[in-house]
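Note sheet for the following structure.
The model shown is predicted, which means the values in this text are computed figures rather than measured ones.
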Amino acid sequence: MGLLEANMKVALVAVLSLASYGCQSQAPDPRVAQLESQVSTLKSENASLKQQNVDAASQRDTCVAKFNRVTFLYDVGFLNNETRAWAIPADVDPVLVTGKIGTYSHYDPKTQTETVHFKGKAAQ
């Protein structure tokens, strides 16, 4: 049993020596450099896509906020009395039809407040 253990130790040392020598003397594999380059490119693309995602989310939130608000249109009638004529479920700046007089305001349901009345812009 002692001779077998000694031979195994010698064989193990020989294998480890050859493996260590073989790893040190080999030239770097060009595929490793190619893969590292691909990883770097993919990381760059990933960062760009993450930024695009942030930008898209910001645009979405801006759009959703516009449609969470309401625009009220007021018609000016007899004796300059304003009456609420329309409620548009979006935050818009309406254009007056030629020959009409009216105002509009915005309502924010989050704060539950209506802005001051703005005069409608005349159509061009």
Look only at the side chain of Ser58 and the backbone of Val54, and say whether a donor-acceptor pair between them is shorter than 3.5 Å. no
Of Asn53, Leu49, Asp55, the residue whose pairing with Gln51 passes side-chain contact (heavy atoms from CB on, under 4.5 Å): Asp55
Is there a side-chain contact between Thr41 and Gln38 in this structure, where contact means two heavy atoms from C-beta onward sitting under 4.5 Å apart? no
Nearest 0.5 angstrom please: Gln52 CD to Glu45 CD, how far? 10.5 Å
